[in-house]
Amino acid sequence: MRWSQLLIPTLKETPAEAEILSHKLLLRAGLVRKLTGGLYTFLPLGLRVLQKIQNIIREEMNRAGAQEVLMPALQPTDIWERSGRYETASDVLFKVKDRGDKQWVLGPTHEEVITTLVAGEINSYRQMPKNFYQIQTKFRDEIRPRFGLMRAKEFIMKDAYSFDVSDDAASESYERMYAAYGRIFRRCGLLAFPVEADTGVIGGKFSHEFVVPAETGEDEMVYCETGAYAANIEKAVSSGPVTPTPKESTGGSPEKFATPGVTTIDALAGEPYGVPASCQIKTLVYSLEGRLILVLLRGDDQLNEAKLAGHLGTTLFRPATADEIVAVLGARPGSLGAVVGVSGNSGVRLILADEVLRGAKGMTTGANEDGCHLRHVEIDRDIAGIEWVDLRTVKEGELCVASGKALKIRRAIEVGHVFKLGTKYSEALDAKFLDENGKSKPCVMGCYGIGVTRTLQAVIEQGNDGFGVIWPITVAPFQICITALDVDPAGEPMRLAEACYKELTDLGYEVILDDRAERPGFKFKDSELIGIPLRLAIGEKSLKDGMVEIKPRGGEMEKISKDAAVKRLVELAGEMRRALEG
RNA sequence: CGGAGCGUAGCUCAGCUUGGUAGAGCGCCAGCUUUGGGAGCUGGAUGCCGCAGGUUCGAAUCCUGUCGCUCCGACCA
């Protein structure tokens, strides 16, 4: 294609709206334009990249035995009510009404729709396994869209759903998708890693996120440099805190002492009290269905809410308000504890304590009386009715359970997620089949997502330099840019450029011919900004000696005879492709 | 939803404190020059100063409201 005819609105200056590098480049390279917050138009260049990524996904999904379908984005509410997610996912659901005042939802994902389809079409074990996928626009009512395509109200996702006759068979489907995901991201030129992920209220071990390490990511991953372990922080475990929990008795019974104005762990750790955070019991209070749940953690630990949700089997809990807490416990946040007035208190549903506190002695905690704390607390002796759970958030430097080495934490962008769902949706939406014994069973499901638009931005986040984007050749909008330095149609440079353009295009390459009547520097800068992997520059100067110039994006320029140029470009393109696709 | 910041030319931004005819650079258009790394000169076009009220003789500027955008936060007591 001719550059002069395409809409490629590159920007020399950085738009004020962009904060992170990939977002800036998305705009500067003329890939997208914002309609409004969280909604973007893909321009010709951006769309080309998007389609490249989609095609890689298609090829790998098909290769893995999945088949493509396309489901409605607009969905009736009743299937969401049947799955229970009209409630539990309510805050991200875009809800719309039609003229008859009937409520609909814009799909944030499609478990309900695909399961409804399968319920009607699949009745026998002979019809499985099946795996359906689609590439489609999803809608999520994000609290705060940000970072361009990273978190948007509307985004393109590849979602796949597997249906199997048994748990074992479902595990095989899961493994197939897991392997396919590795290939997809590799082919996109992305360094993406599988990490163990939170399985939420469904539970189980089969959930991995594919993440791209990046400072701008919204997720945190915990990993061991030996490669023995990697997990999302919501899921991660370690062999425990670096400072041990005290296990020595310090007194015969809990002793109340005055701590006026002290409402934080830090304040109690400071003068004049000097109680190390690791010797404090932090008491958090959550509300679930009108009653309170006490969550006990060591003072220096942070609650991992995902773990709490996993243990409770629901996400319908929230931090209790100060009023609720005072009504039930008699004290305000900051002076709370589980020792006094908690056991047998009908307003308290449950006391959960983090495993790290097992056997803790000589601890200090709130006295359930404003301005007072208790010391010499021994958790086994002084707090009744505890349920022990792993609830803490792992910290950097703690030891890996697999290798014993110190764990590291990095931020990362989640680009894909594979998840073994079990029978939650098939049971709720009646996707059942008859097995070989004529017995009715729910299908065992898995779901597998890739954020396509986010993946595009992740590729930019990972591939760029001071000049602009560096596209992997597999997803580049064009593989080759021919920069004609003199665009007079009758002149030799342009005639040669046209000839090379035709030859390369005939060979199946996607070539952009920069035929704009601009100065060379301007055109070089532009081709670098939009990140085309290979550039062929044709100008009078070197042409006098029969030479042209080839420059791989981010590599060294080489002068080459004009007759050898096409062959060399094909060679280089092949090398680049093989490096990614093997 | 809470907090903060910002809305002025296509883009980046100044002007606002202290009210008095709307500004710069880049981009765009025309011409000349230039022609291998975002050129130079000359001339030109471009604004509901986000929107709506209010104060005032007079508002981009002050006040109120509203809409939009960006950032931080929204369990960690």
Side-chain angles (χ1 to χ4, degrees), chain A residues 9-20 23-24 27-28 30 33-39 91 141-148 234 261-268 277 280-288 293-309 315 317-326 329 331-337 354 365-366 368 370 373 391-393 395 466-468 483-488 491 493 514 516-530 535 537-544 547-549 551 557 559:
Chain A
T10 56
L11 302 171
K12 191 150 56 167
E13 287 174 288
T14 304
E17 70 188 56
E19 202 63 30
I20 69 171
H23 187 193
K24 289 176 186 169
L27 295 164
R28 290 227 294 132
R33 282 294 180 266
K34 183 174 73 177
L35 174 61
T36 182
L39 298 174
D91 40 347
D141 191 359
E142 292 291 347
I143 298 177
R144 175 147 86 96
R146 61 179 124 182
F147 303 147
E234 294 188 334
V262 170
T263 58
T264 62
I265 300 289
D266 282 348
L268 200 54
Q280 297 185 40
I281 300 172
K282 173 168 18 187
T283 308
L284 309 181
V285 186
Y286 279 78
S287 169
L288 174 63
I293 295 172
L294 265 56
V295 178
L296 310 186
L297 294 165
R298 216 174 77 170
D300 54 345
D301 273 339
Q302 306 294 320
L303 174 64
N304 188 326
E305 238 184 28
K307 290 182 179 177
L308 179 59
T315 54
F317 56 84
R318 56 169 175 79
T321 64
D323 288 347
E324 287 171 321
I325 292 170
V326 171
L329 297 178
R332 303 177 54 76
S335 305
L336 303 178
D354 184 75
T365 189
N368 279 342
D370 287 350
H373 281 77
L391 290 170
R392 65 189 292 275
T393 304
K395 285 186 269 196
F467 299 105
T483 305
L485 300 180
D486 177 349
V487 297
D488 175 5
D514 192 349
R516 296 173 301 168
E518 294 287 351
R519 297 164 58 86
F522 183 90
K523 294 167 78 162
F524 289 146
K525 286 275 193 260
D526 244 6
S527 76
E528 279 151 14
L529 178 56
I530 70 168
R535 181 175 71 208
I538 303 175
E540 262 162 10
K541 255 184 197 167
S542 39
L543 213 48
K544 258 186 272 176
M547 305 294 272
V548 293
E549 286 148 29
K551 185 174 181 305
M557 188 261 276
K559 287 203 174 198

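- F524(A) places none of its side-chain heavy atoms less than 4.5 Å from the side chain of D514(A).
- Within the 4.5 Å cutoff, the side chain of P493(A) has heavy atoms near those of the L543(A) side chain.
- Remark: the backbone N or O of A331(A) is not paired with any side-chain donor or acceptor of N368(A) at under 3.5 angstrom.
- Counting only heavy atoms from C-beta outward, the side chains of D301(A) and K282(A) never approach each other to under 4.5 Å.
- The side chain of E19(A) sits closest to U70(B) out of C75(B), C72(B), U70(B).
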Please step through salt bridge (charged side-chain N to carboxylate O under 4.0 Å, His left out) for the pair E19(A) and R146(A), ending with a clear verdict.
CA-CA 9 Å; E19(A) 202 63 30; R146(A) 61 179 124 182; over 6 Å; no

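- In terms of position on RNA chain B, the residue among R28(A) and A322(A) whose nearest nucleotide sits closer to the 5' end is R28(A).
- Nearest to the side chain of K34(A), among C75(B), G68(B), U70(B), sits U70(B).
- Among the atoms of the strands shown, none is found under 4.0 Å from any heavy atom of A331(A).
- Closest to the side chain of L529(A), from the set C75(B), G38(B), G68(B), is G38(B).
- Listed by chain and number, the residues in a salt bridge (Lys or Arg N to Asp or Glu O under 4.0 Å) with K525(A) amount to none (sequence neighbours excluded).
- Across all strands shown, A60(B) has no partner, as no Watson-Crick or G-U wobble contact with both distances under 3.5 Å is found.
- Between the P atom of C1(B) and the CD atom of E142(A) lies a distance of 16 Å, rounded to the nearest Å.
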Could you write out each protein N or O paired with an N or O of nucleotides 4-14 of chain B at a distance under 3.5 Å?
from, atom 1, to, atom 2, distance (Å)
C11(B), O2, E13(A), OE1, 3.3
U12(B), OP1, A16(A), N, 2.7

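- The residue R516(A) sits apart from the nucleic acid: no heavy atom pair falls under 4.0 Å.
- Searching all strands for a Watson-Crick or G-U wobble partner of A4(B) with both distances below 3.5 Å returns U70(B).
- In this structure, D486(A) reaches neither bases nor backbone, as no heavy-atom distance under 4.0 Å exists between it and the strands shown.
- If you take CG of D514(A) and C1' of G38(B), they are 13 Å apart, rounded to a whole angstrom.
- In this entry the distance linking NZ of K24(A) with P of U70(B) reads 14 Å, nearest Å.
- One can place CD1 of I538(A) at 18 Å from C1' of G37(B), the figure rounded to the nearest angstrom.
- Base-pair partner of U34(B): not found among the strands shown (Watson-Crick or G-U wobble, both distances under 3.5 Å).
- Side-chain atoms of L284(A) lie closest to C75(B) of the nucleotides G38(B), C75(B), U70(B).
- Going from atom CD of E518(A) over to atom P of G40(B) covers 13 Å, rounded to whole Å.
- The partner of C11(B), taking Watson-Crick or G-U wobble pairs whose two distances both stay under 3.5 Å, is G25(B).
- Contact of the L485(A) side chain with the K541(A) side chain is not registered, since no non-hydrogen atoms from C-beta on lie closer than 4.5 Å.
- For the pair T14(A) and R28(A), the minimum side-chain heavy-atom distance is below 4.5 Å.
- Protein atom CG of L27(A) is 17 Å distant from nucleotide atom C1' of G27(B), rounded to whole Å.
- Listed candidates were U70(B), G37(B), C72(B). Nearest to the side chain of F147(A) is C72(B).
- Note on V295(A): nothing from the nucleic acid sits closer than 4.0 angstrom, heavy atoms only.
- Proximity note for K12(A) (side chain, C-beta onward) versus C26(B), G37(B), C75(B): the nearest is C26(B).
- Judged by distance alone, with hydrogens and angles left aside, R519(A) brings a side-chain donor or acceptor within reach of the base of U34(B), the pair sitting under 3.5 Å.
- Using the Watson-Crick or G-U wobble rule with both distances under 3.5 Å, U18(B) pairs with nothing in any strand shown.
- For the pair S335(A) and A77(B), the criterion of a side-chain N or O lying under 4.0 Å from OP1 or OP2 is not met.
- Separating the CG atom of L294(A) from the C1' atom of C75(B) is a distance of 14 Å, rounded to the nearest angstrom.
- Taking the side chain of R144(A) as heavy atoms from C-beta on, and the options C75(B), A77(B), G73(B), the nearest nucleotide is G73(B).
- Between A18(A) and P333(A), the residue whose closest nucleotide on RNA chain B is further toward the 5' end is A18(A).
- At least one donor-acceptor pair under 3.5 Å links the side chain of K523(A) to the backbone N or O of R516(A).
- Side-chain nitrogen and oxygen atoms of R146(A) include at least one within less than 4.0 Å of the OP1 or OP2 phosphate oxygen of C72(B).
- Computed from coordinates, the L485(A) CG to A39(B) C1' distance equals 15 Å when rounded to whole Å.
- Across all strands shown, G47(B) forms no Watson-Crick or G-U wobble pair with both key distances under 3.5 Å.
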